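Here is the naming used below: chain letters follow the sequence lines, and residue numbers restart at 1 for every chain. The analysis underlying the following values was restricted to heavy atoms, covering all of them including side chains, and did not include hydrogens, waters or symmetry mates. None of the values given here were measured: they were computed from a predicted structure.
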Amino acid sequence: MRVPYSWLREYCDPGMTPAELADRLVMTGTEVERIDVVGPPRPEGFVVGKVEAAEQHPDADRLRVCSVDVGDGATRTIVCGAPNVAAGQTVAVALPGARMPGGEKLRKAKLRGVASEGMILAADELEVGEDHEGTLVLDDALLAGTPLTAVIPLAEPVLEIEVTPNRSDCFGLFGVAREVHAVTGAALGPEPWAEDVVAVGAGEVGELASVTVEVPELCPRFTARAFVEVELGPSPLWLQQRLSAAGQRPINNVVDITNYVMLLTAQPLHAYDLDRIPGGELIVRAATAGEKVTTLDGAEHTLDAETVLICDREQPTGIAGIMGGQVSEVSPETTRVLLEAANWNGTNILRTSRLLGLRSEASARFEKQLHPELAMRAQRIASRLLVELCDAKLVPGTIDVAASPPPAITLPLRAARVRGLLGMEIAQEDQIAYLERLGFGVAVEGDDLAVTVPPDRHHDVTREVDLIEEVARVHGLDEHLPTTLPAVGERVGRLSRPQRLRRRAEDSLRDLGFDQIVSWSFTDPGEAERLRIPADDLRAKPVRLANPLSEEQSAMRTTLLGSLLDSAARNAARGAQRVALYELGSVYLEEPPPAAGGPLAGDFPGERAAPVREPLRIGAIALGSLAPASWRGAAVPADFFALKGVAEALAGQLRVELGFAPGEQPFLHPGRTAAVSVGGAAAGWLGEVHPLVCRAWDVPAAVAFELEAAPLLAASTAGEEGYEDVTTFPAALRDIAVVVAEEVPAERVRATVLAAGGELLRSARVFDLYEGEQLGEGRKSLALGLELRAPDRTLTDDEVDGVRDAIVAALGAELGGQLRE
Amino acid sequence: MISRIAEIRSEAAAAIAAAGSSEELEGLRVRYLGRKAELPGVLRKISELPPEERGKVGGAANRARKELEELLGARAESLDASELDSKLAGDRLDVTLPGAPPHPVGHAHLVARTQRTIEDAMVGMGYTVAEGPEIEHDYYNFTALNHPPGHPARQLQDTFYVQSHPEVLLRTHTSPMQVRAMETQPPPIFVVVPGKVYRRDSDATHSPMFHQMEALAIAEGITLADLKGTLLTLARALFGETREVRLRPHYFPFTEPSVEVDVSCFQCEGTGALPDGSRCNICKGQGWIEILGAGMVDPNVLGFVEQYGYDAERVQGFAYGLGIERVAMLRHGVPDLRRFFDNDLRMLEQFA
C-alpha cells in the first residue's frame, strides 16, 4: 500500500517528518518498506507560467519557440516540443537550476540554434500520470510565478507500507490515517463518507437497473447507484497526482474515482456503462463448470462451478471481486453509469484468484474479507466525486441486496488479563484512549472494559487477546515492556540420550577425517535409475512434489548415497584430491512410519503419525585417499577396508558391535559389498560404489556406507560402560596362524575361534592375511591375536595351552583349518 | 718399588687427561690396568715381596689403581658427552621440510554447528529438544496453527505439496511440532525444535530448503516480558554479551500478540555507523538486525490441544521461530543462503 504523504495529511497530520512517522509506525506494528519521493526531488525552480506567444521554430518542424511570463518581470524564451502548446495557456515551467525527477539538473540549452531558458512540462515529467504528448495545461486563474508546489504536491514523499493480512482496514488510506492517529495522537479529520450527496437525477434507480443475487452466501451485499449526464473526461490534476503517487495509472474521471475511493476506503468499486447493460439487469450467480469469460485485460479464463460471476441477462460481465469484463466497460461515449460496491466471500475470492492465477487490487482486498458496511461508505464518497468532477446527477435510491449484516462484536478486556499476558501494566485511561483512537467503542466496567469492534476490524479483532495486542502495540513494547525470564520451576533442560549420541556420531566422523555436509532433500526422479535401483524397489518410488520449482528438485530423496555422490562429484570436478564427506539426514520413503523407535526411526510425537516414513541415516563417502601423500610416503587409499575401518571406529566410539556379512546392493560392486547389522538386525550397507554408478556421476572409484541411525544409536552403550578389573590378573597373549580354504570368510574363522575359546578367551583379532605358493592353490593363512584372561586368577601355561588346543581342534574340525608353523 | 708405582700413576694420569677419544682411553685402560700391565702385575706379585714391604707396596699399588680407575671413569664420561655432541652436531634434519600430515580431521557443517549453539543456549534455559517430520499433514502445518483452509495467511508461505496426498506438504516452518509436542506432553512444556523447512522460493536470501529453530514455552503465568528476556538471553549467547533486543509488533496467525525481533548490530554496536563514519554494512545503517518472529501462542492454537491439558484461561506462553542459516550468515558473513547446500570443500574447510 502506497501512502502519499500529502493525502495522508489531509486526514491526519502527524506533525513529524515522513521518516519519523515511518519509525513510529514500524515500532507499532505497521511495516514501512521504504519512503519514495514522487516528482522532482525539490520544489525549487518549478513555477506557473503564462504562454504569451508560441511561434514556429525557424529550423525545426516540431518545435515551437515560446515567450513565457514566469512572474519575475522578464519574459523568457522557452523552446517546446509539445504539439498543443499555444499562446494564452497557463503552464507548468521548470526554470534552469531546477532538479528534474531522477535528479538531473535543468540547464539553459540551445535547441536548433535557439536558446531555451527553461522547460514547459508535460504530466509525466512531474510524475503526475503518464501523459507525455502535451503540456500540462493549468487553471488560468493561477498567477504567473506562483510556485508550482502550491498547485500540486512536488517532491511528494510516499510511504510504501506492507499491510499484514489481518489489517484489511490499512488497505485504505483513511484506515492508515486512523492508525497514524492512534499511534501518534495527532488529530483525525472527519470520516470522508460522513456526508452523502443530494440526488437530483430524474426518477429512481429501480427504474433503471436491477440486481439479483443467486448466491447470497458468496455475495453478502451488492449495492448499486445510477448516475446520469455523466461527463467523461480526464480527471483533475490533483486526482491524477494522487493516483499516480499511489501507484495507479489515471484513465478517465469515472474510472479514476472508483480507484481513488478504493484507495481511500479499501472497498473496491466497479463502474458500468449503464447503456451497455441490457435492461439494466445484473445477476450474481455461480459459473457453470467450463464456462469461459474474457476479462478487461483481454485474457480468456475457463471457470469452475465455485467461481462467482456478475452477468447481464445475456452474458457474464465480469468475475466477481476480481476483474470486470469488457462488455459493459466505461468508454468515452458513456453518459450513464451504474456504480457497484459489493461485498464478497473472501475465502471464495482467494480460491478463485489462485485457481485462475488472476490477482487484482480488488481481489487483494476482497480476499481479506471486508465488512459489508464498507460498501455504502464507498458509494457515498464516489457519489460526491462523480457529482463534483463529472457533473453527474445521482439518481435517487440505492439498490442494496444484502443479507443481514454480521452483528457488532463486543468483547471484555480484563485488566488482570492485560497485565497477566503482557507482564506490564497499562493504565485503564491509556487503554481507553488507545482503543478509542483506533475506532473501538469502550465502556468501563470497574477495572475492566467492554469494547465494541468497528466494522473495519470486524474480522481481525474477535477475542480479548486481539484487544490486548492493540493496547500493547500502541502503548509501545519497545519503551515499556520489562525484560524477565519464565520461572524455572522443576524443569531441567537436557538433550535426550539419542540426541547426545547423535552428536557423538557426528563428532566421531569429523575426527575420523570426514567433512560434514548438509544436502538438499530434493532430488530428480531419475536418480534411482542412475543408482541402478530396480523400478519395483521402494527407493525407486520417491515422494513426488505436486508443485516443484524444477524437475531436478521434484522428488524427495530415498537414499543419502545420491546426495553424497552429488557433493563428491562437484568437489572432484573442482579438482579436490581427497573427498571424505558424511551426512546425518533423513530420507523419505513412501510407506507408513513405524509405531516405535522414536524420532530417529521416523516415529514422531503427536496424535497423527507422520504421512510417510522419514528415518535418519548416517552416510559417508570417500574418494581418492583418506590420508594424503607426503614426502614421507604414499597416501592411504580410500578403499573398502579404509572405509570399513572408519565405520568400525565410529562403532567403537558409540560402543556398538557392527556385523559385516557379504551383501548385495544395486549401486555397489557385487563382490565388495557388506551388509551391516547391529545385534543381528539389518542396519545398512558399506561397499565400493559400482563402476557404472561412478560413471553416471563422473567420479573416480568411491567407497561409501549408509547406516540407519535408530538401531545404531539404540544399541550404543557409550557412557554406560562398567568397570572390569584387568590389572590384578594379567592377560596371556598368544598368536596363531591358521591355513584355511580361500573362500572361508575371516569372520567365520574368528567366530569359530571365539566359540572354541570359551570364556577365558576375551578377544580374537585378525591381524594378518597371507596367500602364497607355499600354501598351495586356493588356500590362505590368517593370523589371529588371542587375549586370554580369567577374572579370578592368573592363567597357567597349561590352561592357556589347553584353550589354544581346543581352538586348533575346532578350526580343524569345523573349517578344515590347519595351524601354520 | 713405591717410587715406581708413583711414576706409573703420574704417567698414566697424564696420559688419561690427554686422551682425546674413548678408543684411546680404552687403550690406556688396557695399558695401565689390563692383565698384562705393570701395576696389576705388582699387585699379583705382592706375595713375592718381603713381608715387611708387602703392606706398604700393596697399599700404594691399590690406591694407585683405584685412582686411575676413577680418572678413567671421569675421563670416559666427559669424552662420551663431547663425542655425542659432535655426533649429534653432524646429524642434521632439514627442518624446513613440511611436517608429516597427521590423520586429517574433518569439519562440522556450519548449519549443524550453529544449530548446536542455539540448542545449547536453550537447553541452558531449561528446554528439551524435539524432532518432527518434514513431510507433514496440512493439519499440523496450517489448520491447527490457526490457518484455517482459505485463510489468506496461508499465502504468506509458499508451500510445496506432495503429489500423492492432497493434504500432505513439506512443512513450511518447524511450528507443526508445537502441536505435536503439546499432544504428547501436558503443560508445563519448554521445548525447542530444530529442523529442515521448505518454501517455494529461491534467491540469495530465500532457499527452497532451510533450517529453523522453533521454541515453545507454555505454563501458567508466562508473559510477553518473559519472551523478551528469553530472546535477550539467546541473542547474547549468539551475538555477544552486550547485545540488546527490541520487539516490534507484527502479525502471525498462530501468535497473538505477535512480534518481530531485532537484535542490536554486533558490528557497529547498534550505532549504524562504522568507526570510519561509513554506513554499517551488516545492519545497513539501522543499528538493528531482524532475526526472528515470535509471539504469545494464540488461544486458538491451544484450543486444538485443549483435551491434552492446554486450557487457554489457565496456561499461556510464547513461541518463536529462528532461521538457523540467518544466524550463521550474520555471525560468519556468508552472503548467499544457497551456498550452505553446495557443500563445497573450499567453504566447508573454513569452519572447524
Looking at [X] and [Y], what are the two nearest heavy atoms and their distance?
X      : Y      : answer
B/E119 : A/L495 : OE1-CD2, 4.3 Å
B/F318 : A/P486 : CE2-CG, 4.0 Å
B/S207 : A/W520 : OG-CH2, 3.3 Å

Which atoms of [X] come close to chain B, meaning under 4.5 Å heavy atom to heavy atom: side chain ones, backbone ones, both, or neither?
X      : value
A/L581 : side chain
A/E583 : side chain
A/R574 : side chain
A/T28  : backbone
A/P593 : neither
A/E367 : both
A/M424 : neither
A/A576 : side chain
A/E614 : side chain

Checklist line | From CA spacing to verdict: salt bridge (Lys or Arg N to Asp or Glu O under 4.0 Å), B/E167, A/R608 | finding: CA-CA 13 Å; B/E167 297 288 295; A/R608 303 178 191 203; over 6 Å; no
Next item on the list: May I ask you to establish whether A/R167 and B/Y251 are in a cation-pi arrangement, using a distance under 6.0 Å from NZ or CZ to the six-membered ring centre and at most 45° from the ring axis?
Entry: no
Check: Going from CG on B/L170 to CZ on A/F522, what distance comes out if it is rounded to the nearest 0.5 angstrom?
Finding: 6.0 Å
Checklist line | chain B-proximal positions within residues 468-477 of chain A [heavy-atom distance under 4.5 Å] | finding: A/E469, A/R473, A/L477
Notebook entry, point to check: Who wins among A/D566, A/L584, A/L485, A/N348 for the most heavy-atom pairs under 4.5 Å with chain B?
Noted result: A/L485
Next item on the list: Kindly write out the residues that satisfy side chain to side chain contact (heavy atoms under 4.5 Å, CB included) with A/R354, not counting sequence neighbours, or none if the list is empty.
Entry: A/L350, B/Q155, B/D158
Item checked: Donor on one side chain, acceptor on other, A/N571 and B/R346, under 3.5 Å -> no
Item checked: Side chain / backbone / both / neither for B/L348 at chain A, heavy atoms under 4.5 Å -> side chain
